[in-house]
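Fair warning: this is a prediction, and the values are worked out from it, not measured in the lab.
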Amino acid sequence: MDLGPLRKSYRGDVEAFEEQHLASRDPIQQFGVWFQEAAGCPDIGEPNAMCLATCTRDGKPSARMVLLKGFGQDGFRFFTNHESRKGKELDSNPFASLVFYWEPLHRQVRIEGSVRRLPEEESERYFHSRPRSSQIGAVVSQQSTVIPDRQYLRQKNTELEERYRDTAVPKPPYWGGYIVQPEVVEFWQGQTNRLHDRIVFRRLRDGAAPPGDMTHRGEGEWVFERLAP
């Protein structure tokens with residue numbers, strides 16, 4: 001199937017995303033501004049939907065959509081099954097990339113960083129804040145394992161609903177949260193002529209490449225640069 005003719009117009013040059021349009025020289029605050037705009041857009045159903053890419057120790061990647069459940073200066077939070085494919089890959093290779101794509105706004109944010117598990121208490125709090133059906137679903141599903149059919153899930157779900165009818169659903173030990181601690185945050189905005197805007201922030205760590213002539217100082221450890229599209 002030839003998909004060459006599929007083409008979409010983005011923004012014009014008068015709407016370019018330039019350095020003076022940054023709401024903040026802190027990428028977490030800048031992300032917050034773009035996120036609020038995405039959350040306020042009626043054409044975006046789940047602004048917190050993100051692609052999470054992980055990798056095995058020997059370099060085999062995998063990716064899937066998950067939901068962001070919080071962010072701040074310490075990083076970007078999500079919750080999942082520790083024994084799933086992504087959980088196992090994060091255990092063996094604790095680095096990940098996140099991508100948010102808000103198509104109606106012609107914007108994308110890409111984040112790279114190290115990953116660690118959240119404290120058990122935080123995972124417990126979030127687990128018990130979820131709808132009861134979601135709590136039971138987390139107990140039902142041994143994520144990424146092979147099962148015979150959907151009826152297997154229905155039956156197990158019914159059994160657990162009955163078991164926990166009058167009691168709290170315990171958080172499974174294999175379920176919890178992660179936080180991605182960003183080292184790179186890139187803001188992309190589409191242009192119809194494909195001269196897209198790309199402004200990338202990176203942390204200056206010990207041993208990192210020194211700032212160049214076209215590198216700008218951000219807040220704290222951050223610097224930012226414009227990349228060719």
Side-chain angles (χ1 to χ4, degrees), residues 16-39 47-57 59 61 63 66-80 86-87 89-102 105-123 125-126 176-190 195-229:
F17 178 53
E18 302 191 55
E19 286 75 359
Q20 65 265 29
H21 299 141
L22 286 167
S24 173
R25 292 193 169 202
D26 179 325
I28 309 304
Q29 293 185 27
Q30 177 64 42
F31 176 86
V33 171
W34 273 23
F35 183 84
Q36 288 302 319
E37 291 183 26
N48 59 328
M50 60 185 186
C51 179
L52 166 67
T54 57
C55 197
T56 61
R57 188 182 293 275
V66 298
L67 296 178
L68 178 71
K69 288 300 178 180
F71 68 92
Q73 291 298 329
D74 55 345
F76 296 78
R77 289 168 162 74
F78 65 93
F79 294 83
T80 190
K86 56 186 171 296
E89 290 180 357
L90 289 171
D91 281 346
S92 64
N93 186 11
F95 298 91
S97 180
L98 308 174
V99 180
F100 296 84
Y101 182 52
W102 300 309
L105 300 177
H106 313 309
R107 285 176 174 171
Q108 171 182 281
V109 181
R110 186 174 60 81
I111 298 160
E112 300 173 13
S114 59
V115 183
R116 63 173 174 82
R117 289 192 187 190
L118 290 172
E120 187 67 12
E121 315 83 73
E122 186 171 346
S123 293
R125 284 196 304 272
Y126 175 69
Y178 293 89
I179 185 165
V180 179
Q181 301 167 295
E183 294 292 325
V184 175
V185 183
E186 180 183 317
F187 297 90
W188 177 98
Q189 185 168 285
L195 296 179
H196 309 305
D197 292 303
R198 296 176 64 192
I199 296 179
V200 61
F201 285 79
R202 58 184 174 88
R203 286 189 193 271
L204 272 188
R205 301 290 197 186
D206 292 342
D213 294 340
M214 293 180 282
T215 303
H216 309 279
R217 283 285 177 182
E219 297 290 336
E221 298 178 298
W222 293 101
V223 296
F224 64 95
E225 298 152 324
R226 175 172 287 269
L227 301 182

Trainee: Let me confirm one number: the CZ-SG distance from Phe100 to Cys51, rounded to the nearest 0.5 Å.
Mentor: 10.5 Å
Trainee: Counting C-beta onward and ignoring hydrogens, is there a side-chain heavy-atom pair between Phe201 and Glu225 closer than 4.5 Å?
Mentor: no
Trainee: Rounded to the nearest 0.5 Å, how far does CG of Leu90 lie from OG of Ser114?
Mentor: 11.0 Å
Trainee: Is a side-chain N or O of Ser123 found less than 3.5 angstrom from the main chain of Gly177, in a donor-acceptor match?
Mentor: yes
Trainee: Between Leu52 and Ala96, which heavy-atom pair has the shortest distance, and what is it?
Mentor: CD1-CB, 3.8 Å
Trainee: Give a yes or no answer on whether the side chain of Arg25 reaches the backbone of Arg217 with a donor-acceptor pair at less than 3.5 Å.
Mentor: yes
Trainee: Decide yes or no for Phe35 and Trp102: does some side-chain heavy atom of the first lie under 4.5 Å from some side-chain heavy atom of the second?
Mentor: yes
Trainee: About how many Å separate CG of Leu118 and CZ of Arg125, when rounded to the nearest 0.5 Å?
Mentor: 9.5 Å
Trainee: Heavy-atom distance under 4.5 Å between the side chains of Ile111 and Val184, does that happen here?
Mentor: no
Trainee: Please check if any side-chain donor atom of Thr56 sits under 3.5 Å from a side-chain acceptor atom of Glu89, or the reverse.
Mentor: no
Trainee: For Asp91 and Arg117, what are the C-alpha separation, side-chain angles and deciding distance, and is it a side chain to side chain contact (heavy atoms under 4.5 Å, CB included)?
Mentor: CA-CA 9 Å; Asp91 281 346; Arg117 289 192 187 190; 3.2 Å; yes
Trainee: Could you walk me through whether Leu68 and Phe78 pass the side chain to side chain contact (heavy atoms under 4.5 Å, CB included) check?
Mentor: CA-CA 5 Å; Leu68 178 71; Phe78 65 93; 5.8 Å; no
Trainee: Would Lys86 and Thr80 count as a side chain to side chain contact (heavy atoms under 4.5 Å, CB included) here? Give the steps.
Mentor: CA-CA 9 Å; Lys86 56 186 171 296; Thr80 190; 2.8 Å; yes
Trainee: Using every non-hydrogen atom in the two residues, find where Gln30 and Ser24 come nearest and quote the distance to one decimal.
Mentor: OE1-N, 3.4 Å
Trainee: What are the two closest non-hydrogen atoms of Tyr126 and Lys69, and how far apart are they?
Mentor: OH-CE, 3.0 Å
Trainee: Ignoring hydrogens and angles, tell me if any N or O in the side chain of Asp197 forms a donor-acceptor pair with the backbone of Phe17 under 3.5 Å.
Mentor: yes
Trainee: Picking from His21, Glu18, Arg198, Arg107, what satisfies side-chain contact (heavy atoms from CB on, under 4.5 Å) with Gln189?
Mentor: Arg107
Trainee: How far apart are the C-alpha atoms of Met50 and Val66, what are their side-chain angles, what is the distance that settles it, and do they pass the side chain to side chain contact (heavy atoms under 4.5 Å, CB included) test?
Mentor: CA-CA 6 Å; Met50 60 185 186; Val66 298; 3.7 Å; yes
Trainee: Drop me the distance from Ile179's CD1 to Phe76's CZ, to the nearest 0.5 angstrom.
Mentor: 9.0 Å
Trainee: Rounded to the nearest 0.5 Å, how far does CG of Asn48 lie from CG of Leu67?
Mentor: 5.0 Å
Trainee: Side chains of Pro27 and Val200, heavy atoms from C-beta outward: is any pair under 4.5 Å?
Mentor: no
Trainee: Has the side chain of Glu183 got a donor or acceptor atom that lies under 3.5 Å from a matching backbone atom of Gly113?
Mentor: no
Trainee: Would you call Val109 and Val185 a side-chain contact if the rule is heavy atoms closer than 4.5 Å?
Mentor: yes
Trainee: CD of Glu112 to CD of Gln181: how many Å apart, nearest 0.5 Å?
Mentor: 14.5 Å
Trainee: Walk me through it: do Glu221 and Arg203 pass the test salt bridge (Lys or Arg N to Asp or Glu O under 4.0 Å)?
Mentor: CA-CA 5 Å; Glu221 298 178 298; Arg203 286 189 193 271; 3.2 Å; yes
Trainee: Is the shortest heavy-atom distance from the side chain of Gln73 to the side chain of Asp26 under 4.5 Å?
Mentor: yes
Trainee: With side chains defined as the heavy atoms from C-beta onward, is the minimum distance between Tyr178 and Arg77 less than 4.5 Å?
Mentor: no
Trainee: Cation over ring, Arg202 on Trp222, under 6.0 Å and within 45°?
Mentor: no
Trainee: Look at the aromatic rings of Phe71 and Phe31 and report parallel, tilted or perpendicular, splitting at 30° and 60°.
Mentor: perpendicular
Trainee: What class does the angle between the rings of Trp188 and His196 fall in, given that below 30° is parallel, 30 to 60° is tilted and above 60° is perpendicular?
Mentor: tilted
